[in-house]
Amino acid sequence: MSDYLANLFSLAGRTAVVTGASRGIGAALAKALCGAGASVTGLGRSAAPAESVPGVSYLACDIRDADAFEQACEQVFQSEGRLDILVNAAGITLPQDADSDSFRVFDETLAVNLTAAYRCCEIASGCMKRNGGGAIINVTSIGAALGFPGNPGYVAAKGGLAALTRALALDLASHNIRVNNLAPGYIRTAMTEGSYANPARHAARLERMMIKRWGMPEDLAGAAIFLASDASAYVTGTDVFVDGGWTAKGL
Ligand SMILES: NC(=O)c1ccc[n+]([C@@H]2O[C@H](COP(=O)([O-])OP(=O)(O)OC[C@H]3O[C@@H](n4cnc5c(N)ncnc54)[C@H](OP(=O)(O)O)[C@@H]3O)[C@@H](O)[C@H]2O)c1
């Protein structure tokens, strides 16, 4: 690889915090940033992640607890001397059937996928201001742009997160902090395993994709390195869809 290319995408000397790093997409993004040279701390509710990535350090942090997230960021800042990158990958989708309390499901979904993500942006950007800038990547969804049935809290939270990104990109631009959305399509993880394993639901989703396979968490690696690195130095407040063409497909 040429020096030019390596430098453009290098994260050497940068420090990253990845929420939801214990498995699935967050684990793959932690691995990607680590592979590009960043020092990465992964957060999950347990300090012992289901999918441990060599080279990544782990801290236990429930992101609904803003004090705990602030402590985690401070710990990283004190030991590394800086915080350059936040990836908000933690997220939930709760089962909602006829017996569910739909108001409770809505509130709990927004508490993790939107409110906690906002607080993480505010707290991490406070650290980034101290080292002169940074990059925030919010993991949204094709559900941020499109309607999906039976899960209004998830769709509202991801749509809200996408809008929040635009607002924060504006507020933080003067601090040299870029904020962007990474919007996955259907990616095979624990979150989607039920649909993946159900032949009818699997096929219905495949039908929506231009690229005729479900995404894998690793498919998001390149876009995450792009958004975290100097390769995207003039990119802020926007969405990068990694969805096999889902959002662009008509018939
Ligand atoms: N898979 C897809 O097709 C897809 C598509 C679009 C968007 N997304 C989004 O991508 C992100 C990752 O999804 P995934 O598919 O990798 O799901 P996953 O396998 O269920 O992983 C979810 C992650 O979020 C963490 N998490 C959940 N609640 C948390 C909390 N209160 N505090 C801290 N961490 C918490 C989990 O950590 P612990 O349980 O270990 O604490 C886990 O690391 C989510 O934001 C999801 O909405 C996924």
Side-chain angles (χ1 to χ4, degrees), residues 17-32 40-53 56 58-73 86-95 107-121 123 136-146 148 151 153-162 164-165 181-197 201-202 205-206 208-209 213-221 223-224 239-244 246-247:
V17 167
V18 179
T19 74
S22 64
R23 62 175 184 267
I25 289 172
L29 299 185
K31 183 178 180 184
V40 180
T41 300
L43 306 185
R45 280 169 292 187
S46 157
E51 296 172 27
S52 175
V53 176
V56 173
Y58 292 94
L59 292 174
C61 175
D62 186 323
I63 59 161
R64 291 169 297 185
D65 181 346
D67 291 339
F69 183 77
E70 187 160 18
Q71 275 173 24
C73 286
L86 168 67
V87 179
N88 271 319
I92 57 170
T93 180
L94 298 174
D107 287 350
E108 287 184 11
T109 305
L110 262 74
V112 175
N113 293 7
L114 182 56
T115 306
Y118 165 63
R119 291 174 179 167
C120 292
C121 288
I123 291 164
I136 296 175
I137 300 170
N138 287 325
V139 178
T140 55
S141 168
I142 51 176
L146 301 168
F148 282 84
N151 208 343
Y154 187 83
V155 171
K158 292 299 186 180
L161 184 58
L164 175 70
T165 289
N181 294 317
L182 179 55
Y186 270 83
I187 308 293
R188 189 179 180 186
T189 67
M191 183 178 278
T192 54
E193 197 54 35
S195 297
Y196 188 87
R201 285 157 62 188
H202 185 111
R205 281 148 185 74
L206 203 56
R208 290 285 311 146
M209 300 168 193
R213 65 171 177 82
W214 280 52
M216 295 301 290
E218 297 70 32
D219 286 316
L220 296 157
D239 309 271
V240 175
F241 286 92
V242 181
D243 64 357
W246 184 300
T247 45

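Both ligands and their constituent atoms are indexed starting at 1 by order of listing.
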Query raised in the report: Is G143 in contact with ligand 1, taking contact as a heavy-atom separation below 4.0 Å?
Result: no
Query raised in the report: Looking at side-chain heavy atoms only, is the closest gap between Y196 and R205 below 4.5 Å?
Result: no
**Report entry** Per-atom contacts, ligand 1 versus G24 - under 4.0 Å to a heavy atom
**Finding:** 16 (O)
Query raised in the report: Does some side-chain heavy atom of V17 sit less than 4.5 Å from a side-chain heavy atom of V87?
Result: no
Report summary line: Atoms of ligand 1 under 4.0 Å from any heavy atom of T192, numbered from 1 in the order shown, are 1 (N), 2 (C), 3 (O)
Query raised in the report: Side chains of D243 and T247: donor-acceptor distance under 3.5 Å anywhere?
Result: yes
Report summary line: Separation between CG (L114) and CG (L161), nearest 0.5 Å, reads 6.0 Å
Query raised in the report: Parallel, tilted or perpendicular for F148 and W246, by the 30°/60° rule?
Result: tilted
Query raised in the report: Side chain or backbone of A89 under 4.0 Å from ligand 1, or both, or neither, by non-hydrogen atoms?
Result: backbone
Query raised in the report: Quick one: does A116 get a heavy atom under 4.0 Å from ligand 1?
Result: no
Query - Contacting atoms of ligand 1, where contact means under 4.0 angstrom from a heavy atom of C61 - result: 32 (N), 33 (C)
Report summary line: Distance col, row S195:OG vs L206:CG, nearest 0.5 angstrom, shows 12.5 Å
Query - Selection from C120, A183, G91, A90 by shortest heavy-atom distance to atom 22 (C) of ligand 1 - result: G91
Query raised in the report: Does I187 approach ligand 1 within less than 4.0 angstrom via side chain, backbone, both or neither, non-hydrogen atoms only?
Result: both
Query raised in the report: Under 4.0 Å from any heavy atom of Y154, which atoms of ligand 1 are there?
Result: 6 (C), 7 (C), 8 (N), 9 (C), 46 (C), 47 (O)
Query - 4.0 Å heavy-atom contact, K158 with ligand 1 - result: yes
Report summary line: For Y186, the atoms of ligand 1 under 4.0 Å from one of its heavy atoms are 3 (O)
Query raised in the report: Counting both backbone and side chain atoms, is some N or O of I63 under 3.5 Å from an N or O of ligand 1?
Result: yes
Report task. Look only at interatomic distance and state if S46 has a nitrogen or oxygen under 3.5 Å from any nitrogen or oxygen of ligand 1. Result -> no
Report summary line: Here the atoms of ligand 1 under 4.0 Å from any heavy atom belonging to S141 are 6 (C), 7 (C)
Query - I92 neighbourhood, listing ligand 1 atoms whose heavy-atom distance to it stays under 4.0 Å - result: 27 (C), 28 (N)
Query raised in the report: Does the side chain of T140 pick up a donor-acceptor pair with the side chain of D239 at under 3.5 Å?
Result: no
Query raised in the report: So is I142 polar-close to ligand 1, meaning N/O to N/O under 3.5 Å?
Result: no
Requested in this report: Kindly compute the distance separating SG (C73) from CG (L59), expressed to the nearest 0.5 Å.
Outcome: 9.5 Å
Query raised in the report: Would T19 count as a contact of ligand 1 if the rule is a heavy atom under 4.0 Å away?
Result: no
Report task. Give the minimum heavy-atom separation between T165 and N181, together with the two atoms involved. Result -> OG1-OD1, 2.5 Å
Report summary line: Note: heavy atom closest to atom 28 (N) of ligand 1, options E108, E193, R45, M191, belongs to R45
Query raised in the report: Contact between T140 and ligand 1, counting heavy atoms under 4.0 Å?
Result: yes
